[in-house]
A.B. asks: 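I'd like to ask some things about the structure below.
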Amino acid sequence: MPQTVTFNLDTYLRDRKQEVEAALDASIAVIYPEKIYESMRYSLMAGGKRLRPILCLAACELLGGDRAVAMPTACAMEMVHTMSLIHDDLPAMDNDDFRRGKLTNHKVYGDDIAILAGDALLAYAFEFIAKETKGVAAERVLKTIANLGNAVAATGLVGGQVVDLECEGQLDVTAETLNFIHIHKTAALLKSCVICGALLAGANDTDIARLSTYANSIGLAFQIIDDILDITATSEQLGKTAGKDIAAQKVTYPSLWGLETSRQKAQELVEQAKAQLVSYGDAALPLMAIADYITARQN
Ligand code: GRG
């Protein structure tokens, strides 16, 4: 009889989150000038799902890599994600007071220090990968650093954010433009997490192609669910101000397609993502379950 492998995603996410948080905690000490390190740590250690580092570790393990090799990159991904949240919350951007259930960085430390905390986390993320990645060929580390740079530059997060800002107050934004925004603003970093984890484990071109499709699909699904939750969840559940998109009259997936069609499209994307991983067998269970979690999540 074939053996059924069971996989408990709750336990998996809890254990990985704990490991990531311990590594993040150890990554930044508070030294002089204390204020900037405290501000960096305030946002970095404020919680969150830690989905990006977990994806990075899971992709490394999918290809038989040791997740300890990917841990510095996983931490760097969370540093970059956190800096993007700090900058996104600034008055010049989305102007939000709450994030991860706490006051936003600039509300506690002021706009000047919040900008600098974001800058410092971004620069440190690259230093951290270069200095702390051990036990793997330098060429893989170089590829990882280049991939992350591309994902956050004007080719990635920054480009997506610029188009998002340009679309503010416009009611005729098309699905094509919305996809451009979110492929760059949200999916690019999620994809970099998966690809960098895989690169560190020695991925070949076929692995990279499959995992790129997986990551693009879960990235867009993630954003569709984010837009839905902005309408259906409470600020307490989200840890940030709910209902912001409607208040700002922002074009979102539910405003274009309605809630039900948006849910269906997210589910279709998750199925497409999982189909890419079938040939990896049981080794793909974590990445498959994470894809399902993206549509099932409540925050
Ligand atoms: C990267 C150089 C550089 C600048 C940043 C501000 C900006 C440019 C980009 C905005 C990026 C952004 C905030 C995208 C939204 C992504 C998103 C859906 C975040 C929510 O992620 P979760 O739900 O949050 O994983 P937690 O708190 O769980 O980590």
Side-chain angles (χ1 to χ4, degrees), residues 13 16-17 20-21 24 42-56 74-96 98-102 104-106 111 114-126 147-168 178 180-194 215 218-230 233 235 237-242 244-245 250 252-253 266 290 293-299:
L13 291 178
R16 290 292 182 277
K17 187 173 164 171
V20 167
E21 300 221 321
L24 287 172
Y42 174 79
S43 292
L44 191 64
M45 300 312 297
K49 296 178 285 298
R50 309 304 194 191
L51 191 60
R52 289 155 191 82
I54 292 173
L55 276 169
C56 180
C75 289
M77 294 296 172
E78 191 64 25
M79 290 174 197
V80 171
H81 171 54
T82 301
M83 78 71 59
S84 80
L85 299 179
I86 296 173
H87 281 195
D88 194 53
D89 290 334
L90 286 165
M93 302 258 185
D94 242 16
N95 193 17
D96 221 320
F98 292 98
R99 173 71 71 177
R100 293 174 162 173
K102 297 173 77 170
T104 44
N105 197 293
H106 66 274
D111 293 3
I115 291 168
L116 291 168
D119 295 343
L121 281 169
L122 181 62
Y124 186 52
F126 288 93
N147 187 287
L148 178 57
N150 184 267
V152 303
T155 40
L157 261 82
V158 171
Q161 180 76 349
V162 168
V163 180
D164 196 16
L165 291 171
E166 279 174 359
C167 287
E168 241 173 48
L178 205 57
F180 179 94
I181 293 171
H182 297 306
I183 283 169
H184 291 81
K185 213 181 125 166
T186 301
L189 188 58
L190 291 165
K191 181 173 166 185
S192 184
C193 295
V194 172
I218 63 161
L220 266 191
F222 187 90
Q223 185 60 48
I224 295 171
I225 298 299
D226 214 66
D227 287 358
I228 292 173
L229 289 173
D230 185 70
S235 298
Q237 282 170 312
L238 297 179
K240 62 181 181 183
T241 317
K244 279 208 81 180
D245 295 339
K250 244 180 140 172
T252 62
Y253 289 108
I290 292 171
Y293 164 75
I294 279 175
T295 42
R297 71 195 174 97
Q298 301 300 320
N299 68 16

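Every number for a ligand or one of its atoms is a count from 1 in the order of the listing. On a predicted model such as this, the values are computed, not experimentally measured, just so you know.
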A.B. asks: To which protein heavy atom is atom 21 (O) of ligand 1 closest, and what is the distance rounded to 0.1 Å?
C.D. replies: R52 NH2, 3.2 Å
A.B. asks: Please confirm whether T186 comes under 4.0 Å of ligand 1, counting heavy atoms of the residue only.
C.D. replies: yes
A.B. asks: Can you name the atoms of ligand 1, numbered from 1 with element, that are less than 4.0 Å from a heavy atom of G48?
C.D. replies: 26 (P), 27 (O), 28 (O)
A.B. asks: My understanding is that we take every heavy atom of each candidate and find the minimum distance to atom 24 (O) of ligand 1. Doing that for K185, M93, H81, R99, which one comes out nearest?
C.D. replies: H81
A.B. asks: Which of the atoms of ligand 1 are close to V158, meaning less than 4.0 Å from one of its heavy atoms?
C.D. replies: 2 (C), 3 (C), 4 (C)
A.B. asks: Could you measure the distance from the CE atom of M45 to the CG atom of L24? Nearest 0.5 Å is fine.
C.D. replies: 5.5 Å
A.B. asks: For M83, take its heavy atoms, then give the atoms of ligand 1 lying under 4.0 Å from any of them.
C.D. replies: 1 (C), 3 (C), 4 (C)
A.B. asks: Please report the interatomic distance OH(Y253) to NE2(H182), rounded to the nearest 0.5 Å.
C.D. replies: 5.0 Å
A.B. asks: Using a 4.0 Å heavy-atom cut-off, say whether R50 meets ligand 1 through its side chain, its backbone, both or neither.
C.D. replies: neither
A.B. asks: Give, for atom CZ of R99 and atom CG of N105, the distance between the pair rounded to the nearest 0.5 Å.
C.D. replies: 11.5 Å
A.B. asks: Does ligand 1 have a heavy atom under 4.0 Å from the side chain of D88, from its backbone, from both, or from neither?
C.D. replies: both
A.B. asks: Atom CZ of R52 and atom OG of S84: how far apart are they, to the nearest 0.5 Å?
C.D. replies: 7.0 Å
A.B. asks: Whether D164 and K250 form a salt bridge (side-chain N of Lys/Arg under 4.0 Å from carboxylate O of Asp/Glu) is what I want to check.
C.D. replies: yes
A.B. asks: Counting each atom of ligand 1 from 1 as listed, which ones have a heavy atom of D226 under 4.0 Å away?
C.D. replies: 18 (C)
A.B. asks: How many angstroms lie between atom CG of D89 and atom CG of N95, to the nearest 0.5 angstrom?
C.D. replies: 9.0 Å
A.B. asks: Report the nearest protein non-hydrogen atom to atom 22 (P) of ligand 1: residue, atom name, distance rounded to 0.1 Å.
C.D. replies: K49 NZ, 3.4 Å
A.B. asks: In terms of atom number and element, which parts of ligand 1 are under 4.0 angstrom from non-hydrogen atoms of Q223?
C.D. replies: 18 (C)
A.B. asks: Measuring from atom CD1 of I115 to atom CE of M83, what distance do you get when rounded to the nearest 0.5 angstrom?
C.D. replies: 10.0 Å
A.B. asks: Show me which atoms of ligand 1 lie under 4.0 Å from any heavy atom of L122.
C.D. replies: 2 (C)
A.B. asks: Examine the side chains of S192 and N147 and answer whether a donor and an acceptor come within less than 3.5 Å of each other.
C.D. replies: yes
A.B. asks: Examine the proximity of ligand 1 to Q161 and report which part, side chain or backbone, both or neither, has a heavy atom under 4.0 Å away.
C.D. replies: side chain
A.B. asks: Is the shortest distance from a Lys or Arg side-chain nitrogen in E78 or R100 to a carboxylate oxygen in the other one below 4.0 Å?
C.D. replies: yes
A.B. asks: For R100, take its heavy atoms, then give the atoms of ligand 1 lying under 4.0 Å from any of them.
C.D. replies: 26 (P), 27 (O), 29 (O)
